[in-house]
Each structure stands twice: as C-alpha cells, then as structure tokens.
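Shown next, in structure tokens, is the structure this report addresses.
In what follows, every chain begins at residue 1, and chains take the letters A, B, ... in the order their sequences are listed.
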Amino acid sequence: DGGITQSPKYLFRKEGQNVTLSCEQNLNHDAMYWYRQDPGQGLRLIYYSQIVNDFQKGDIAEGYSVSREKKESFPLTVTSAQKNPTAFYLCATSGTPMNTEAFFGQGTRLTVV
Amino acid sequence: ELKVEQNPLFLSMQEGKNYTIYCNYSTTSDRLYWYRQDPGKSLESLFVLLSNGAVKQEGRLMASLDTKARLSTLHITAAVHDLSATYFCAVTTRGQGNFNKFYFGSGTKLNVKP
C-alpha cells in the first residue's frame, strides 16, 4: 500500500528520556514535515525537510531533533529538553510543485508518565 | 509570517441546517486546502483550491476561494451528524526550490446535533 506510516501509535515517555517517533513514506515525495497538535488546538510545525540530508526548523523546534538520511524516512526525536512533550504528533509529506497537497500519517500520541 | 484565521472556532448546529466556515489569510498564497479531522485521528484531505474563483463540491460540502479578498469558505448544506469533526484550512507559500510551506488555521470544531 502507498502511504505514510507512523509508529508507534501510542508512546509513553518517562521524565528525562529521549524518544524517537518513526515516519516512513513510499509516496516518493521530496518534502516531509513534523507537526505537533495539542488538545483542541491547530497544528504547529516542528521541523521540515525538502530533500535528503537537509532539514529546517519550524516554529517550535526547541527540544526536538530530526534526521533525513533517506528519502523515505524522517524520524523525530523528542529530547529531555522538551519540557511539555505530551501531544499528538503528525508526520506529513508533499510531492512535486505541481501537486503540493500534504498527506498525513495516522499520528503518534506521546504521553509523559 | 503568514497568518491563517478561521471562524468560528466552535459551531454547534442542528441537522438539516446550512452554515459557512470562513478562512482568512494574511498574505498572498498559492493554494488553499481544507482538511477534516475526526477525534483522535489524522487529517483527511477534502479540497484543494488552486485559483481565484475556484469552487469545489463533495456531497454536502462546498469550498470556494477568493484570492483578492484572501478568503475561503466551506459551506455546509443540510448538515448531518456524520459531518461532525474539526475542519482545518491551510495555505501554502512557495519557498526556495519550489518548496511549499504549509500554514494551518486553528480549526473549526463542528458538532451536528440530531
């Protein structure tokens, strides 16, 4: 199946731990994004990547890190520096300039315990 | 920085009624998108509006775009309970290397009462 796969669906983190959220796509899209959504809120951009080995900070990058070693993969690490990481995390991709619609994964719900 | 504002943020309506959700954005944008999100779920694409005057319809939902007014509307006709969800609009700006950065509104939470 073509699409975007995020894993895990649910993730629990202890205080002071780093955790990594996976995002894999087989749509052959160049651009990938990570968004954070808090309850009852809109989406806020954490990081985005236009191409392999390149990524840019979004609006709320502090406490997060990413890598883009392969076109298909854009993992997000939530570090211990992120003071309030409990949220719903969405990965998205978009394709060519002629077809710029963003497609979203199913999301990962991260909870600090 | 491009700003996207939706209103209303909350909308409670009876089945069978009509209503409109508004999406304003602050600077020139290439394209406008509408998404639907069910509770605890991801975002589902509804419409992509590419040019001034564009109108698209799917079932009881119709979206339009006025780029001069920087305004898009999502009109709901004869609402049914299944339309209850949160609706987001988003716009893109063309960046370096044809990269499109997305800006999302805060969402409109729609509750259609039987």
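There is no contact between A:Arg44 and chain B, counting heavy-atom distances below 4.5 Å. Using a 4.5 Å cut-off between heavy atoms, B:Phe88 touches chain A through its side chain atoms alone. Both the backbone and the side chain of A:Gln106 come within less than 4.5 Å of a heavy atom in chain B. Contact annotation for B:Phe10: neither backbone nor side-chain heavy atoms come within less than 4.5 Å of a heavy atom of chain A. Only the side chain of A:Gln37 comes within contact range of chain B, with at least one heavy atom under 4.5 Å from a heavy atom of that chain.
Applying side chain to side chain contact (heavy atoms under 4.5 Å, CB included) to A:Ile46 and the options A:Leu76, A:Val78, A:Leu90 leaves one that passes, A:Leu76.
Against chain B, no residue from residues 13-21 of chain A qualifies, as none has a non-hydrogen atom under 4.5 angstrom away.
A donor-acceptor contact closer than 3.5 angstrom is absent between the side chains of B:Ser72 and B:Tyr22.
Under 4.0 Å is where a charged nitrogen must lie from a carboxylate oxygen, and between A:Lys71 and A:Asp30 at least one such pair does.
Using bins of under 30°, 30° to 60° and over 60° for the plane-to-plane angle, the ring pair A:Tyr35/B:Phe104 lands in the perpendicular bin. Under the 30°/60° scheme for interplanar angles, the aromatic rings of A:Phe55 and A:Tyr47 are found to stand perpendicular.
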**OP:** Check step by step if ring-ring contact (aromatic ring centres under 6.0 Å, His included) holds for B:His75 and B:Tyr19.
**Re:** CA-CA 6 Å; B:His75 187 72; B:Tyr19 209 83; 8.6 Å; no

**OP:** Could you walk me through whether B:Leu110 and B:Met13 pass side chain to side chain contact (heavy atoms under 4.5 Å, CB included), step by step?
**Re:** CA-CA 8 Å; B:Leu110 172 65; B:Met13 56 193 296; 3.4 Å; yes

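Contact count against chain A (heavy-atom pairs under 4.5 Å) is highest for B:Ser45 among B:Ser45, B:Ala90, B:Gly107, B:Pro39. Interface remark: of the candidates A:Gly107, A:Pro39, A:Ala102, A:Gly105, A:Ala102 forms the most heavy-atom pairs closer than 4.5 Å to chain B.
For B:Cys89 against B:Val4, the heavy-atom pair with the smallest separation is SG-CG1, 3.5 Å.
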